[in-house]
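I have placed the structure first, in the form of structure tokens, so that the comments after it can refer back to it.
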Amino acid sequence: MVHTNTASECPKEMIALKMAQTEKLLPGNQNSVSMDSSSVDMKQLSTHAGSKGRTQHRQTSKPSKRENICSIGSSSSDAPTAVKKRVVPTFHRKASGLKEKTKNKPEKLSQMSIEQVMGTTHRVSGALVQAAKTVTSMSPSELAKLQEIISESSEMLMMLTYTDGSTQLREPNEPRKRASASLHEEGVANSVLVAIQRKAAKKEYMFVSFPLAGLGKENASEATRNVLLEILQSSTRKVCFDAQELMHAIIINYSLDPQSGCNKWVIMDPKIACWLLDPDNPPVTFSGMLKTFVTGKYNDQAPNNHLTHLELLGLVMGDLTNKLQRKNLWELFINLEVPLIPILAGMEVQGIQVNQKMLISYSNILKDEIKDVEKQCYKEAGHPFQITSHIQLRQVLFVELKLDEQCPGQKLARTNVQNLKSTSETVLHKLIDLHPLPELVLTHRQLVKLKSTYLDGLSDYVSGGYIHTSWDQTSAASGRLQSSNPNIQNIPKQPLQLHKDANGSVVNETTASSTTPATTLWMREPFYSHDGWSFFAADFQSIELRILAHLSQDAVLLKVFNDAGSTDIFVQLTCEWLGLNLDDVKTADRERTKRIVYSVIYGVGAERLAETLNDTKENAKAFTKSFLVKFKGVNTFAQRCISECQRHGHVKTIFHRHRLISNISSQNFHVRSHAERQAVNFVIQGSAADICKLAMIHIMKVLSEKNTVRARLLVQIHDELLFEVHDEDINEVKGILKTVMESTPTLGESICQLKVPLPVSLSYGKTWGHLKQMV
DNA sequence: GTAAAGACGCTAGG
DNA sequence: CCTAGCGTCTT
């Protein structure tokens, strides 16, 4: 795919030059029209607030990270004069004039007739702009003209506006009301503004507005929708900051099919571009991005109106395009991250069905169980205390009961920051034989966690029987996707067993006899498919380990994965490592292998490994050592990552995703070790993320082309995709998923020839709690 | 004196 | 190693 990129060929000197030229051509600035938010269609949308609340959820979900509200439009008088002069002196002078008009006559545009508006041109930083026109008010001939302009356009700059007058490029003057009363009480997207740059006259913009609110079933929406779709499907380069949010709003308000309708939309997103350049510091807002990420040359210069904001957007994207190309990230951006945007927007709108009654009834069951455990804890401690308070628990365990003094051989962990005696799971496990309390506390914690996070927490997000999670592309430095509000990627997989003894109180698993009545709860059980449809899960088997095999080129690992039998991979590895026969491998051996393998991937040291293995540090060291002797390539790979990072200051995945790790040369051993683990881990985790994203894009492409199969993507859990499939199509989808996902390595062949197969396992069922393995 | 925000500890997923 | 989210405690 080739994308022209005019703005990128335009460094800042050029921009200044262009502006100066236009200045000559267009003396004076008499035609300026207020493009303030007041000029934009502000139809009332309160009746649609419920259905559109999600659109802005992302905006309010991280209020603490919001920075620098309204910096673009900040007063020109407090910017340093020297800077202003050096960059674009004439521009700034004009900008002030424009701002004056904006301030004094905000009502002007709204009073104008459509003809007047259409006829009004407007100059912003060197470009001719036609003032905004709402598409719904256009005549058929005007619409036809617009479509012609679209088909001949060279670039389109897009953004959402909101009912409070703010936009995607300009935060509200006052922080939006926090969503305290209700989770969905938020501002509402108001319109899509598009600045269309015409090929014929490059310095000319056509500026059109598509209403989002109050569309309903009006006749006008059909024609409007077609024009908007034409824009989205056109091959013209399009730019939007947070395109996912834009797409989300469009899909909802124009009632588009969330899965197939939008797959081909391609919009460049500078937010994602910035994140690729420095994944540890993703931009939150457009103005924040200008401040921290780009050169700073755009700051505080622009007059405060939509047109200049959009023009900035184009310039910034051009700049970022150059940067991406220089850093060899353009392919990743255009082939992986950009195609993912509509898929995520579609998943957000699609949502997943949840049985709220089941969540509530599970919650009530746990409420009673928690009370029981609580009573037993008080009894064992000798007095009531706040079990969920680690401070009080520390007092009870280590000051009153002095349990730590009863296990002198064991080194008990300390807390991270304050270096106090930890009450974590691993510590409590070590104290389990000394006193009944530790186990009771563990049970209590588990129950409270499940109830508060996965039952009550989820229940708050159920709306109309669905949960619509937010999918965040730029929050994880590893390149993984992240879900939030609620997080649907960490719903417990393992069931909770509740055993009741004769008194009805909870007893632990080991002491419960087989005759005691048991209740089993699966936290994934309340997620259920539609009538006539089933959930369908496809996951890559041990993908990170396979990536490690590929990257390290370790002979033994490669052999194990390529001689693929149906035998469990960790059993095979254990055989190779300890020289055993397949049948001699015990479950404990397999578990230990698995933990060591992942500790290598995670880069943990012997101490941490000893904790997870529940063994001594010496043994953990010995295990790791003998493992690394057998799998020699793994160690060389880790060292290669570290030295690469030392040389370049960053490490790279197989698709060139990179991460800057500056602490890699730190004098502080602890800090440096941490950086080394990060470096090794990023290469593996990030490469796996690359592959999973590629598979996701490919499978969605194939499914949308085969419009006969009814399948929707609901959830991505890193190496697993959860679909909902029509029962009649299950067999066909099974074949497609298996073939397409397992062929992922061949897709990336131009970039990387994977040396290992990536087998996919499939399962299906009516609820997420009970998926049956397919063969 | 109360409420909101941040630090911290812990645990669910991969 | 990478995350999100809940509860407690401090400011």
Side-chain angles (χ1 to χ4, degrees), chain A residues 61-66 175 178 180 279-280 282 385-394 413-429 441-442 444-458 460-461 469-472 474-494 496 523-524 539-545 547-548 594 597-605 608-609 612 638 641 651 653 659 661 673-689 692 715-722:
Chain A
S61 60
K62 285 179 185 170
S64 57
K65 282 197 180 175
R66 165 166 289 140
R178 297 217 47 209
S180 51
D280 281 289
F385 68 104
Q386 190 71 31
I387 304 162
T388 46
S389 158
H390 35 259
I391 296 171
Q392 292 185 35
L393 180 62
R394 187 174 297 125
R414 295 257 167 178
T415 60
N416 223 1
V417 175
Q418 306 206 357
N419 200 31
L420 302 170
K421 287 170 186 171
S422 167
T423 65
S424 67
E425 192 180 356
T426 38
V427 172
L428 262 47
H429 263 300
V441 171
L442 285 173
H444 187 267
R445 278 208 192 133
Q446 185 188 25
L447 297 176
V448 167
K449 172 85 177 171
L450 295 179
K451 181 175 183 294
S452 64
T453 306
Y454 303 111
L455 298 173
D456 301 343
L458 280 178
D460 288 342
Y461 284 99
T469 195
S470 295
W471 292 98
D472 194 336
T474 62
S475 73
S478 58
R480 279 182 168 183
L481 293 175
Q482 219 64 51
S483 116
S484 65
N485 301 300
N487 182 354
I488 210 167
Q489 292 179 310
N490 68 347
I491 314 272
K493 205 172 193 175
Q494 293 307 119
L496 170 71
M523 296 298 123
R524 295 182 175 188
D539 67 294
F540 285 116
Q541 293 167 29
S542 50
I543 185 165
E544 294 197 346
L545 186 50
I547 296 289
L548 174 64
K594 189 174 171 179
V597 164
Y598 281 103
S599 78
V600 172
I601 292 179
Y602 297 155
V604 302
R608 191 75 174 270
L609 178 61
T612 42
C641 289
V651 268
T653 68
R659 183 178 187 184
I661 299 174
S673 305
H674 179 70
E676 289 173 358
R677 293 192 291 270
Q678 283 181 314
V680 177
N681 179 260
F682 172 81
V683 177
I684 301 169
Q685 194 180 107
S687 296
C692 292
V715 173
Q716 188 251 33
I717 310 178
H718 310 306
D719 57 358
E720 174 182 347
L721 297 176
L722 183 68

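Below, chains carry the letters A, B, ... as their sequence lines are ordered, and counting in each starts from 1.
Within 6.0 Å of CG on A/Asn419 lie more than 12 heavy atoms contributed by other residues, nucleotides or ligands.
From A/Asn490, atom CG reaches atom OG of A/Ser483 across 7.5 Å, with rounding to the nearest 0.5 Å.
The A/Thr415 side chain lies nearest to B/dG9 when the options are C/dC1, B/dA12, B/dG9. The side chain of A/Arg524 lies closest to B/dG14, out of B/dG14, C/dC9, C/dT3. Nearest to the side-chain atoms of A/Asn416 among the listed nucleotides C/dT8, C/dC2, B/dG9 stands B/dG9. For A/Thr453, the listed nucleotide lying nearest its side chain is C/dG5; candidates were C/dG5, B/dG9, B/dA12.
The shortest distance between the side-chain N/O atoms of A/Ser422 and the OP1/OP2 oxygens of B/dG9 is not below 4.0 Å. Between C/dC9 and A/Gln392, a contact under 4.0 Å exists linking OP1 or OP2 to a side-chain N or O. Within the 4.0 Å cut-off from OP1 or OP2 of B/dG9, not a single side-chain nitrogen or oxygen of A/Arg394 is found.
You won't find any donor-acceptor pair under 3.5 Å spanning the side chain of A/Gln418 and the base of B/dC8, going by distance alone. At a cut-off of 3.5 angstrom, the base of C/dA4 holds no donor-acceptor pair with the side chain of A/Asn487.
Defined by atom type and a distance below 3.5 Å, a donor-acceptor pair is missing between the side-chain atoms of A/Thr415 and A/Arg394.
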